[in-house]
Structure formats: C-alpha cells, structure tokens
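Computed from a predicted structure; not experimentally measured. The figures here come from the full heavy-atom set of this structure, side chains too, leaving out hydrogens, waters and symmetry mates.
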Amino acid sequence: MNPITIDDEPIRAAFLPFMWQEQLWLAGSIHLQCCGGIGGPQDDTRIAQTAAINGEIDRIMASDNFAGLIMGGDLNLVGSETPLQMLIEGRDRNGDLILG
C-alpha cells in the first residue's frame with residue numbers, strides 16, 4: 001500500500017488486511033499531529049490528516065469484502081473532537097462500534 005500524504009508530506013498511518021475467523025478485516029494504526037488547541041493550526045492539520053486517512057480507508061474497504069475495521073493509535077485529541085467524529089461517522093455498520 002502506498003503512503004498516505006498531504007502535499008507530498010507523509011501522514012503517520014498504516015493499514016493491513018488480515019484474516020480472522022475466516023473473515024477479512026482491516027487493521028489500522030494512525031498518529032495525528034500533536035499539540036495546539038481547538039481551531040489552531042495543529043487542529044486544522046489533524047482534521048486534514050483525518051480527511052486523507054478516511055479517503056484511504058474508504059478506498060481500501062471498497063476493494064474487498066471486509067468484515068470490519070480495527071483502528072488504534074494516537075489521535076492527539078488536544079484540540080477538537082472533529083478528527084474522532086470524522087473517523088467514526090458512517091463506519092458503524094452493525095451497531096457494534098467499540099471505542100476504547
């Protein structure tokens with residue numbers, strides 16, 4: 001898989017398909033921009049990174065019949081909750097979304 005980038009700058013995110021209980025799953029690890037506060041430049045960067053990551057998740061998930069998505073990492077939610085809301089919006093297909 002190709003690196004996810006914004007303006008040729010890599011985003012710290014990686015995804016890996018794997019089989020579990022005879023089903024194909026997608027696992028992802030993301031690490032968004034740190035620091036800053038709500039509405040600041042770092043928060044804007046986190047939101048842009050999340051938009052790019054969502055595009056990649058959607059692209060990968062459309063490529064095969066995935067049973068689900070598992071994401072972990074560091075969202076650095078020191079600003080707004082917008083990145084988290086962007087990541088989960090529309091992803092709870094079966095009512096079994098778990099956030100930890």
Side-chain angles (χ1 to χ4, degrees):
M1 294 181 190
N2 294 326
I4 306 168
T5 61
I6 297 176
D7 298 329
D8 294 325
E9 290 293 320
I11 298 170
R12 293 178 285 182
F15 294 91
L16 178 70
F18 69 98
M19 294 296 292
W20 182 56
Q21 295 186 347
E22 299 181 19
Q23 292 183 309
L24 183 62
W25 291 76
L26 183 64
S29 175
I30 63 175
H31 187 116
L32 300 179
Q33 170 71 45
C34 75
C35 309
I38 294 175
Q42 293 93 346
D43 201 35
D44 291 343
T45 298
R46 281 187 290 277
I47 292 167
Q49 289 173 334
T50 302
I53 289 167
N54 269 344
E56 185 67 6
I57 291 170
D58 292 344
R59 185 189 71 73
I60 295 169
M61 296 287 285
S63 71
D64 214 323
N65 188 24
F66 286 91
L69 169 67
I70 300 170
M71 283 190 291
D74 186 353
L75 298 181
N76 281 309
L77 296 177
V78 295
S80 69
E81 292 182 6
T82 301
L84 175 61
Q85 296 304 319
M86 290 171 66
L87 284 170
I88 64 176
E89 185 175 329
R91 301 222 183 269
D92 190 10
R93 298 181 294 183
N94 303 329
D96 58 359
L97 179 67
I98 299 171
L99 300 174

Hey, quick one: are [X] and [Y] part of the same hydrophobic cluster, counting side-chain heavy atoms closer than 4.5 Å, chains of contacts allowed?
| X | Y | result |
| --- | --- | --- |
| L32 | M86 | no |
| L26 | L75 | yes |
| I53 | I60 | yes |

Kindly list each side-chain donor-acceptor pair under 3.5 angstrom involving residues 8-16, sequence neighbours excluded, with atom names and distances?
none

Solution key, residues 34-50 side-chain donor-acceptor pairs under 3.5 Å, sequence neighbours excluded:
unit_1: D43; atom_1: OD1; unit_2: R46; atom_2: NH2; d: 3.4
unit_1: D43; atom_1: OD1; unit_2: S80; atom_2: N; d: 3.2
unit_1: D43; atom_1: OD1; unit_2: S80; atom_2: OG; d: 3.2
unit_1: D43; atom_1: OD2; unit_2: G39; atom_2: N; d: 3.3
unit_1: D43; atom_1: OD2; unit_2: S80; atom_2: N; d: 3.4
unit_1: D43; atom_1: OD2; unit_2: S80; atom_2: OG; d: 2.9
unit_1: T45; atom_1: OG1; unit_2: P41; atom_2: O; d: 3.0
unit_1: R46; atom_1: NE; unit_2: N76; atom_2: O; d: 3.3
unit_1: R46; atom_1: NH1; unit_2: Q33; atom_2: O; d: 2.9
unit_1: R46; atom_1: NH1; unit_2: C35; atom_2: O; d: 2.8
unit_1: R46; atom_1: NH2; unit_2: C35; atom_2: O; d: 3.2
unit_1: Q49; atom_1: OE1; unit_2: Q33; atom_2: N; d: 2.8
unit_1: T50; atom_1: OG1; unit_2: R46; atom_2: O; d: 2.8

* Could you tell me which residues satisfy side-chain contact (heavy atoms from CB on, under 4.5 Å) with L24, sequence neighbours excluded, listed by chain and number? => P17, M19, D64, F66

* Just grab all the salt bridge (charged side-chain N to carboxylate O under 4.0 Å, His left out) pairs involving residues 22-34, residues at least two apart or on different chains. => none

* **Linked hydrophobic residues, W25 as query - side chain contacts closer than 4.5 Å** => F18, W20, I70

* When rounded to the nearest 0.5 angstrom, what distance separates CG in L69 from CE in M61? -> 5.5 Å

* Could you tell me which non-hydrogen atom of S29 sits nearest to which non-hydrogen atom of G73, and how far apart they are? => OG-CA, 4.4 Å

* Structure fact -> Contacts of D74 meeting salt bridge (charged side-chain N to carboxylate O under 4.0 Å, His left out) (sequence neighbours excluded), chain-then-number -> none

